[in-house]
Amino acid sequence: MTTKAHISVLADPYIEALCTDKDGRYIDATFGRGGHTRLMLEALSEKAEVLGLDRDPEAIVVGKALMKKDKRFHIAYTDFAGIEDAACELDWSEVSGIGFDLGVSSPQLDNAERGFSFMKEGPLDMRMDFNAGQPLLQKLEHVSESQLADIIREFGGEKFAGRIARSILERLKAGSLNTTRDLEDVCFHATPKKKRHGNTHPATRTFQALRIWVNDEMHQIDQAVQASIKLLKAGGRLAIISFHSGEDRRIRDLIEKEVHGCTCPREFPMCVCGFKPSMKWVQKKPVRASEAEIEANPRSRSAMLRVAEKLDMSC
Ligand SMILES: C[S@@+](CC[C@H](N)C(=O)[O-])C[C@H]1O[C@@H](n2cnc3c(N)ncnc32)[C@H](O)[C@@H]1O
């Protein structure tokens, strides 16, 4: 099997925004194959340290190899719920920056056995951590048609979510939904004939939605932002790259709450909640890939980078 190397997206703006203290401690919470981590280590001094995290055991193997080569690097096997514990294991109470590059890596997509891709025949799995949780096929056995339609609509933005959900569950009941190719075939045939041959394959949005569901990715984003805000030191940066508008909106809203502070209704003459802003935006609008980057790496087309900075809460 040939696997494509993962090309790190928005590398320059991400590293520039994140690594502002050359001697600092940083977390790369989505280590993947370590593309961004290596760039961080290059940009930082000999005194700096980077902790890589990933919930994928295959990424951890790569991380352990890097740990042997570079004494400034540490790796931990966890999802975003374990960020604070992983930092605590190293006795880190605060860090200079935390970065996230959400979604799946190219090696995850390319390995048919992981079940992420409709381009290859594989099991209906889609778990980033194959040691935890339920694979897609098992989850489908316990979902109702309306729940499934909501998932496909909300996480995939799929117009034909209702038809696709019905077809998936019919085929599951008939015992002929076993592989990623079967699922691709269901999505194709549940899409109206006139809409089957556009720029995007009819299975793209459903596969994305089901992956987000299997890995509880929206809830993971909430945990990522909350933990990061706690761990950042004053002036420390949070940089998050996401790949679809639902994720980006969630990230924007979570950070905006911290930027805004006060939660009192507008009509109140003065603040009674006492909630103070803890973050400020470094760029108000998300950074997008340049035309040149999109040409070199089409995956970067949908990438959006948001950067915020922790405020000094002591004054
Ligand atoms: C897009 S890849 C990151 C690629 C990496 N930045 C690079 O340059 O090689 C995303 C990685 O984050 C991991 N990941 C995604 N969501 C995660 C989560 N909630 N907790 C831990 N790891 C996660 C995936 O397993 C995957 O390896």
Side-chain angles (χ1 to χ4, degrees), residues 3-15 17-19 26-43 50-66 73-87 97-111 113-117 125-133 155 208 210-228 239-244 246-248 250-251 254 289 293 296-305:
T3 52
K4 276 186 246 125
H6 183 89
I7 307 175
S8 305
V9 302
L10 291 170
D12 289 344
Y14 179 74
I15 300 297
L18 193 58
C19 300
Y26 288 87
I27 297 179
D28 176 355
T30 49
F31 176 77
R33 289 302 179 268
H36 283 132
T37 289
R38 286 185 185 83
L39 294 171
M40 286 163 80
L41 289 165
E42 271 170 31
V50 176
L51 166 61
L53 310 175
D54 211 293
R55 72 199 317 201
D56 183 342
E58 290 176 355
I60 299 305
V61 174
V62 179
K64 284 188 174 157
L66 179 60
F73 179 67
H74 316 268
I75 186 82
Y77 171 37
T78 179
D79 65 11
F80 300 156
I83 296 179
E84 285 176 271
D85 286 348
I98 309 185
F100 297 83
D101 172 19
L102 300 172
V104 277
S105 63
S106 302
Q108 284 170 328
L109 275 174
D110 287 343
N111 183 348
E113 285 308 306
R114 304 295 301 268
F116 285 111
S117 172
D125 191 325
M126 292 198 190
R127 284 171 300 167
M128 290 180 189
D129 182 354
F130 47 75
N131 294 325
F155 299 154
Q208 172 188 289
L210 296 177
R211 189 206 80 215
I212 290 173
W213 177 48
V214 165
N215 294 288
D216 196 15
E217 290 179 37
M218 290 299 181
H219 184 223
Q220 285 283 312
I221 288 176
D222 299 350
Q223 290 177 307
V225 174
Q226 277 157 19
S228 299
I240 310 184
I241 299 170
S242 64
F243 290 85
H244 79 94
E247 276 177 345
D248 180 63
R250 191 141 179 151
I251 294 159
L254 287 165
E293 180 173 356
N297 179 15
R299 205 174 71 85
S300 66
R301 181 180 298 280
S302 51
M304 285 164 280
L305 165 65

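Both counts, for ligands and for their atoms, begin at 1 and track the order of listing. Just so it is clear, the model here is predicted, and its values are computed rather than measured.
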Report yes or no: does a heavy atom of [X] sit under 4.0 Å from some atom of ligand 1?
X      : result
Phe100 : no
Asp54  : yes
Gln108 : yes
Ile241 : no

ask   = Just by modelled atom types, is the Arg211 backbone N or O under 3.5 Å from a matching donor or acceptor in the Asn215 side chain?
value =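 Between the backbone of Arg211 and the side chain of Asn215 there is a qualifying donor-acceptor contact (under 3.5 Å).
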request  = Return yes when atom CG of Asp12 has more than 12 non-hydrogen atoms of other residues, nucleotides or ligands closer than 6.0 Å, and no otherwise.
outcome  =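 Incorrect, the count does not exceed 12.
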Return a yes/no value for [X]: is any of its N or O atoms, backbone included, closer than 3.5 angstrom to an N or O of ligand 1?
X      : answer
Ser8   : yes
Asp101 : yes
Arg55  : yes

Side chain, backbone, both or neither: which part of [X] has a heavy atom under 4.0 Å from ligand 1?
X      : value
Thr78  : backbone
Val104 : backbone
Leu102 : backbone

Checking a contact table here: which protein heavy atom is nearest [atom], and how many Å away?
atom                    : answer
atom 15 (C) of ligand 1 : Met128 SD, 3.3 Å
atom 9 (O) of ligand 1  : Gly35 N, 3.1 Å
atom 12 (O) of ligand 1 : Thr30 CB, 3.2 Å
atom 10 (C) of ligand 1 : Gly103 O, 3.1 Å
atom 19 (N) of ligand 1 : Gln220 OE1, 2.7 Å

message = Once you measure the plane-to-plane angle for His36 and Tyr14, does it fall in the parallel (<30°), tilted (30-60°) or perpendicular (>60°) bin?
response =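 The arrangement is tilted - the two ring planes meet at 30° to 60°.
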Nearest 0.5 Å, please: how far is [atom2] in [Y] from [atom1] in [X]?
X      : Y      : atom1 : atom2 : result
Gln208 : Trp213 : CD    : CH2   : 15.0 Å
Leu53  : Thr30  : CG    : OG1   : 8.5 Å
Ile240 : Ile98  : CD1   : CD1   : 9.5 Å
Met218 : Ile251 : CE    : CD1   : 8.5 Å
His219 : Asp79  : NE2   : CG    : 9.5 Å

Find all atoms of ligand 1 within a distance of less than 4.0 Å from any non-hydrogen atom belonging to [X], and give their numbers and elements.
X     : answer
Asp79 : 20 (N), 21 (C)
Arg33 : 9 (O)
Asp56 : 25 (O)

inquiry  = When you compare the side chain of His244 with that of Ile212, does any pair of heavy atoms fall below 4.5 Å?
reply    =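 In short, these two side chains touch, coming nearer than 4.5 Å.
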query = Is any side-chain heavy atom of Asp28 closer than 4.5 Å to a side-chain heavy atom of Met40?
reply =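 Yes, side chains in contact.
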key: Minimum heavy-atom distance between Ala303 and Leu10, given as atom pair plus value   =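 Scanning both residues completely, I find the closest heavy atoms to be CB-CD1, 3.8 Å.
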ask   = Considering Ser105, Ala81, Ala59, Ala224, which one's heavy-atom position lies nearest to atom 2 (S) of ligand 1?
value =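 Selected option, by shortest heavy-atom distance: Ser105.
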request  = May I ask you to say whether Asp129 pairs ionically with Arg127, meaning some side-chain N is under 4.0 Å from a carboxylate O?
outcome  =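 No, this pair does not count.
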